Amino acid sequence: MNENTKIKVEHLDLYIGKQHILKDINIEIPENKLTIILGPSGCGKTTLLKCMNRLTDLYHDVKINGSIFIDNEDVLHTKTDVTEIRKKMGLLSQRPFPLPMNIYNNVAYGLKISGRRNKKALDARVENYLKQVNLWDEVFDRLHEPASKLSIGQQQRLCLARGLAVDPEIILADEPTSALDPISSETIERKFEELKQQYTIVMVTHILRQARRIADYVIFMYMGEVIEQGPAKEFFENPKMERTKAYLQGAFN
Amino acid sequence: MIVLFYNRKTKNRISTAWMYIAISFVVLLPFILGLGLYFKSSLLFSENSLGDLLFSKVWKPSIGKFGFLTFIMGSVWVTFIAMLISAPICIFAALSITQYSKKFYLKIIHPVIDILAGLPSVVYGVWGIIVVVPFISTVIAPLFGAQTMGYSILAGAIVLSVMIIPFILNILIEIFRTIPIELTEASLSLGATKWETIKYVLLKKALPGIIASLGFGLARAFGETMAVLMVVGNMVQIPKNVFDAGYPLPALIANNYGEMLSIPKYESALMFAALILFVVVMVFNALMRMLIVRYDKY
């Protein structure tokens with residue numbers, strides 16, 4: 001394993017029923033970089049992302065072969081508690097899904113269930129993480145209102161804050177800007193560029209321009225297979241595979 | 001061409017009018033029912049105060065004393081215990097089916113629920129007499145050191161809970177199924193266990209729906225007649241414990257309606273019993289709506 005590799009996927013196959021969704025995936029995701037999983041809709045990007053923190057456990061009729069190593073631990077076959085693995089990874093989904101509680105508790109939720117109940121410490125952390133996502137100024141005077149009252153863009157930032165609050169090492173983001181307006185999208189993108197100093201970020205997107213803007217490392221998928229992967233500069237300027245070239249030229253749209 | 005145009009417009013007007021008639025019929029129905037019951041029971045009001053009717057336990061129709069407390073308490077006991085039995089079963093069953101079980105179980109549970117919901121209540125009554133009543137008198141009551149024939153509040157409540165379970169369960173399953181899976185994913189990815197996710201996120205999100213489904217079940221339970229009256233004992237007394245016989249309001253109406261009609265005051269009393277049922281169900285409904293609004297902020 002390369003020293004800077006945070007996540008390594010080896011010979012991963014995933015079936016839902018008889019459908020072969022992911023086909024022999026082999027990828028390495030570098031630490032403290034922003035890795036983009038790129039590809040047209042329905043190519044298995046999201047499923048691959050959800051394998052990493054085993055949310056695939058929730059789905060029916062799923063069969064998975066292969067390994068996903070995170071810090072040399074195979075998350076698919078580990079005997080340690082799956083909740084511990086998930087804590088290592090914050091998740092940002094396509095649309096924000098705030099928990100059915102107030103703004104404060106949305107951020108404090110992960111901390112509370114892991115046993116931290118000291119009111120002052122919680123207050124400080126909630127404030128800290130809301131500031132990190134530039135939301136504090138907008139909500140500090142209504143922390144006890146339902147989170148569902150926030151705008152979609154604010155909700156997505158809140159979801160990022162609650163993910164960061166549990167001290168993850170990795171951020172998994174599944175098209176996190178697809179439901180947002182351009183300004184909110186830009187806020188999230190800029191936030192990611194800052195956050196990659198401390199976190200390994202894996203982001204799924206089908207927006208080529210977004211990938212060009214922020215990717216450090218790119219994994220290109222098509223029909224359940226990884227076609228090409230490599231540093232962003234190389235990937236966009238010198239794609240090796242025909243399919244990649246075609247996609248970059250817009251042939252798939 | 002003009003004729004066709006004319007026709008289409010007329011048809012449109014007629015169909016719109018029909019819809020208004022239909023909707024006003026539906027909206028007016030409860031008022032018509034309520035008013036009818038009120039006028040029919042007015043004879044009773046003219047000679048007894050409302051307080052006496054509701055809070056006196058003296059039931060002596062022969063001397064003109066109509067106290068409904070025993071029947072009200074019978075209904076309250078049976079309904080309350082039926083809810084106590086069925087609510088946890090329904091909530092846990094719905095969670096188990098939607099959160100823990102394989103898809104296969106969801107597929108077989110629907111026909112099972114439909115069959116249970118479709119059985120005539122007299123069938124439940126017979127099952128109560130053959131199975132529940134003897135089981136209470138020979139097994140459950142001795143456990144608590146009580147003596148009973150088995151025809152009791154508990155028998156009525158058990159039969160009733162089995163009857164309302166399919167209705168509540170059906171709604172609850174739909175409610176849990178409509179909670180987006182992303183909410184579960186979010187909670188799990190924050191390091192919550194499955195149970196924590198259910199307790200803090202799913203149940204909270206589903207709370208208005210849970211209240212609504214239980215309210216629906218409760219209204220049904222309160223008015224259910226046949227199966228209950230077959231097993232509940234029908235003795236005019238306020239039950240002191242669950243092994244006592246009771247006499248719920250619907251049973252009172254059903255048992256006496258035919259034969260007592262010749263006595264105007266008795267008929268009026270039975271109408272009043274119906275009015276109580278009607279008002280209680282309406283008040284329940286209103287309370288449920290208020291609770292739902294109160295908890296529906298997420």
Side-chain angles (χ1 to χ4, degrees), chain A residues 17 46 49-50 52-61 81-102 105-116 145-149 155 158-168 170-174, chain B residues 91 94-110 172-214 290-298:
Chain A
T46 300
L49 195 75
K50 285 180 177 171
M52 292 176 187
N53 66 349
R54 296 224 352 222
L55 285 177
T56 42
D57 290 7
L58 290 176
Y59 301 134
H60 296 284
D61 298 330
D81 195 353
V82 66
T83 56
E84 288 305 311
I85 301 166
R86 289 190 181 132
K87 251 195 251 178
K88 277 189 176 178
M89 289 170 263
L91 176 78
L92 210 56
S93 53
Q94 292 191 14
R95 282 195 300 135
F97 284 89
L99 300 168
M101 40 191 90
N102 62 35
N105 279 330
N106 257 278
V107 185
Y109 177 78
L111 298 166
K112 279 184 176 173
I113 53 173
S114 57
R116 271 170 278 191
E145 277 181 29
S148 50
K149 283 193 180 168
Q155 284 182 16
L158 181 71
C159 290
L160 181 58
R162 91 182 161 196
L164 296 179
V166 291
D167 274 336
I170 300 165
I171 297 171
L172 304 176
D174 181 10
Chain B
I91 292 173
L95 282 173
S96 144
I97 290 160
T98 55
Q99 308 299 319
Y100 289 93
S101 307
K102 295 213 163 87
K103 240 183 188 163
F104 170 71
Y105 290 97
L106 194 63
K107 274 187 195 148
I108 58 168
I109 197 76
H110 276 300
L172 281 180
I173 288 175
E174 277 318 301
I175 286 163
F176 284 121
R177 266 159 54 99
T178 51
I179 295 178
I181 190 158
E182 285 86 348
L183 212 55
T184 309
E185 291 181 348
S187 171
L188 290 178
S189 66
L190 291 170
T193 60
K194 200 158 182 173
W195 174 240
E196 285 163 338
T197 302
I198 288 171
K199 197 164 73 169
Y200 298 122
V201 179
L202 298 187
L203 284 180
K204 206 162 175 194
K205 183 82 180 171
L207 191 58
I210 292 173
I211 294 171
S213 68
L214 294 182
M290 276 163 62
L291 277 178
I292 291 166
V293 172
R294 163 91 176 71
Y295 287 109
D296 198 15
K297 53 184 178 184
Y298 299 111

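Every value quoted in this text rests on a predicted model; they were computed, and no experiment measured them. So that the names make sense, note that chain A is the first sequence line, chain B the second, and so on, each numbered from 1.
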Engineer: Sort A:Pro98 into side chain, backbone, both or neither according to what part of it lies under 4.5 angstrom from a heavy atom of chain B.
Structural biologist: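 For A:Pro98, backbone heavy atoms alone lie under 4.5 Å from chain B.
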Engineer: Checking A:Lys50 against chain B: side chain, backbone, both or neither under 4.5 Å from a heavy atom?
Structural biologist: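 Just its side chain gets close to chain B.
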Engineer: What do you reckon, is OH of A:Tyr59 surrounded by more than 12 foreign heavy atoms closer than 6.0 Å?
Structural biologist: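 Above 12, so yes.
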Engineer: Shorter than 4.5 Å, heavy atoms on both sides: which option in B:Glu185, B:Lys205, B:Gln99, B:Lys103 has the most such pairs with chain A?
Structural biologist: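 Looking at each option in turn, the highest pair count goes to B:Glu185.
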Engineer: Could you tell me which non-hydrogen atom of A:Tyr109 sits nearest to which non-hydrogen atom of B:Ser187, and how far apart they are?
Structural biologist: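 For A:Tyr109 versus B:Ser187, the nearest heavy atoms are OH-OG, 2.7 Å.
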Engineer: At what distance, to the nearest 0.5 angstrom, does OG of A:Ser93 lie from CG of B:Leu183?
Structural biologist: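 Spacing of OG (A:Ser93) from CG (B:Leu183) equals 9.5 Å.
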Engineer: Rounded to the nearest 0.5 Å, what separation is found between the NZ atom of B:Lys102 and the NE2 atom of A:His60?
Structural biologist: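 So the gap between those two atoms works out to 10.0 Å.
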Engineer: If you count the non-hydrogen atoms of other residues, nucleotides and ligands that lie under 6.0 Å from CZ in B:Phe104, is the total more than 12?
Structural biologist: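 Count not over threshold, so no.
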Engineer: Heavy-atom pairs under 4.5 Å with chain B are the metric here; pick the option from A:Leu58, A:Leu92, A:Asn105 that has the most.
Structural biologist: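 Looking at each option in turn, the highest pair count goes to A:Leu58.
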Engineer: Would you compute the distance between atom CD of B:Glu182 and atom CG of A:Leu55 and round it to the nearest 0.5 angstrom?
Structural biologist: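 CG of A:Leu55 is found 10.0 Å from CD of B:Glu182.
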Engineer: I want to check something: taking the side chain as every heavy atom from C-beta on, are B:Leu188 and A:Leu91 in contact at a cut-off of under 4.5 Å?
Structural biologist: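 No - every pair of side-chain heavy atoms lies 4.5 Å or more apart.
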Engineer: Grab the two heavy atoms, one from A:Pro100 and one from B:Tyr200, that are nearest each other, plus how far apart they are.
Structural biologist: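 Reported closest heavy-atom pair: CG-O, 4.5 Å.
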Engineer: How far apart are the closest heavy atoms of A:Thr83 and B:Ala192, and which atoms are they?
Structural biologist: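 Looking at all heavy atoms of both residues, the closest pair is CG2-O, 3.6 Å.
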Engineer: If I measure from the heavy atoms of chain B, does A:Arg162 come under 4.5 Å with its side chain, its backbone, both, or neither?
Structural biologist: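 Both backbone and side chain of A:Arg162 come within 4.5 Å of chain B.
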Engineer: Going from CD1 on A:Ile113 to OG1 on B:Thr197, what distance comes out if it is rounded to the nearest 0.5 angstrom?
Structural biologist: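 A:Ile113 atom CD1 to B:Thr197 atom OG1 measures 7.0 Å (nearest 0.5 Å).
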